[in-house]
Amino acid sequence: MRDVIAEQKALALEKFIPIMDDEGSALLVETVRNEQPEKILEIGTAIGYSGTLMLTASPKATLVTVDIDEERLSYAEEFFEAAGLSKRVRIIKEDACYLLTLLEEKFDFVLLDGPKAHYSSMLDYLLKLTTEDATIFVDDVGYLGLVDNGEYPKHKHRTIVTNMRKFIERVESDATLVSERYGQGVMIIKKCKNPNC
Ligand SMILES: C[S@@+](CC[C@H](N)C(=O)[O-])C[C@H]1O[C@@H](n2cnc3c(N)ncnc32)[C@H](O)[C@@H]1O
């Protein structure tokens with residue numbers, strides 16, 4: 001039997017495709033395993049590595065996953081097939097910012113691992129598209145350590161860093177959300193049913 005996870009990691013390395021690191025992946029698997037979500041939305045499919053991890057950790061879950069990169073999505077499709085997961089996955093090739101304006105279904109788990117400069121503008125859509133006790137797992141909020149260093153960002157990273165800081169501030173000041181940071185990378189956001197939870 002093929003070891004799809006090992007193949008995905010090898011391909012990502014060979015083709016310089018960014019996928020979640022081992023620490024983030026382990027936390028993702030642990031979170032999904034504990035919560036057993038049924039409907040997962042993933043922003044940022046790449047080659048299907050994190051999608052494969054989530055579907056394996058939550059055997060009843062289905063996944064809607066979006067990416068803008070056609071070549072990566074064709075690898076993802078092949079890997080989901082090889083892992084026997086295709087029937088539980090809907091792959092969408094689209095700009096995630098646009099897709100979020102179109103979706104109407106509700107998800108109980110989101111993995112946000114796509115265009116970092118747009119997380120702050122995606123947040124309201126994600127809150128609308130999720131159930132009242134959903135979890136939003138965000139990877140790489142620290143962005144190369146530049147988000148938390150308190151410095152004015154250099155031109156090349158300015159939009160991402162400024163917008164990521166806005167995203168974090170917005171999450172942390174929302175009384176209907178509980179969030180926790182893990183290392184420099186991951187933020188786990190839980191929606192809570194009661195105000196001021
Ligand atoms: C860090 S990678 C995702 C890694 C994946 N979650 C994993 O760990 O296996 C981020 C992905 O977001 C995609 N992306 C960037 N901008 C996007 C956009 N506007 N809409 C959809 N996908 C986008 C990139 O093509 C890239 O594959």
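Here the structure is a predicted model, which means the values were calculated and not measured. Start at 1 and go down the list; that is how both ligands and their atoms are numbered.
Under a 4.0 Å N-O distance rule, the pair Lys9/Asp22 qualifies as a salt bridge. The pair Lys128-Asp124 does not count as a salt bridge, with every side-chain nitrogen at least 4.0 angstrom from each carboxylate oxygen.
Around atom CD of Glu38, no more than 12 heavy atoms belonging to other residues, nucleotides or ligands sit under 6.0 Å away.
Evaluated by nearest non-hydrogen atom to atom 13 (C) of ligand 1, the leading choice among Thr45, Ile47, Asp139, Asp67 is Asp67. The residue among Ile92, Asp140, Ile68, Ile17 with a heavy atom at the shortest distance from atom 14 (N) of ligand 1 is Ile68. Among Pro115, Ser50, Ala46, Gly48, the residue whose heavy atom lies closest to atom 15 (C) of ligand 1 is Pro115.
Those atoms of ligand 1 with a heavy atom of Gly114 less than 4.0 angstrom away are 12 (O). Interface atoms of ligand 1 facing Met20, defined by a heavy-atom separation under 4.0 Å, are 7 (C), 8 (O). Taking a cut-off of under 4.0 Å to the non-hydrogen atoms of Asp95, the atoms of ligand 1 that pass are 18 (C), 19 (N), 20 (N). The ligand atoms of ligand 1 that sit less than 4.0 angstrom from a heavy atom of Glu94 are 20 (N), 21 (C).
Looking at Leu111 next to ligand 1, no N or O pair under 3.5 Å apart turns up. Looking at Gly44 next to ligand 1, an N or O pair under 3.5 Å apart turns up. Of the N or O atoms in Asp69, none lie within a sub-3.5 Å distance of an N or O in ligand 1. For the pair Arg72 and ligand 1, the shortest N or O to N or O distance falls below 3.5 Å.
Only one option out of Leu85, Val89, Ile91, Thr45 pairs with Leu63 in a side chain to side chain contact (heavy atoms under 4.5 Å, CB included); it is Val89.
In plain terms, the two heavy atoms of Ser50 and Gly44 that are nearest each other are OG-O, 4.5 Å.
Taking a 4.0 Å cut-off on heavy atoms, Pro18 registers as neighbouring ligand 1.
Between Val161 and Arg165 there is a side-chain heavy-atom pair separated by less than 4.5 Å. Contact check for Leu28 versus Met54: side-chain heavy atoms found under the 4.5 Å cut-off. Residues Val66 and Leu100 form no side-chain contact, since every pair of their non-hydrogen atoms from C-beta on lies 4.5 Å or further apart. With contacts defined as side-chain heavy-atom distances shorter than 4.5 Å, the pair Lys15/Ile47 does not qualify. Put simply, the side chain of Phe137 reaches to within 4.5 Å of the side chain of Met20, judged on heavy atoms.
Looking only at heavy atoms of the protein, atom 20 (N) of ligand 1 is closest to Ala96 N, 2.8 Å. Looking only at heavy atoms of the protein, atom 10 (C) of ligand 1 is closest to Asp113 O, 3.1 Å.
The part of Glu42 lying near ligand 1 is the side chain, judged by heavy-atom distances below 4.0 Å.
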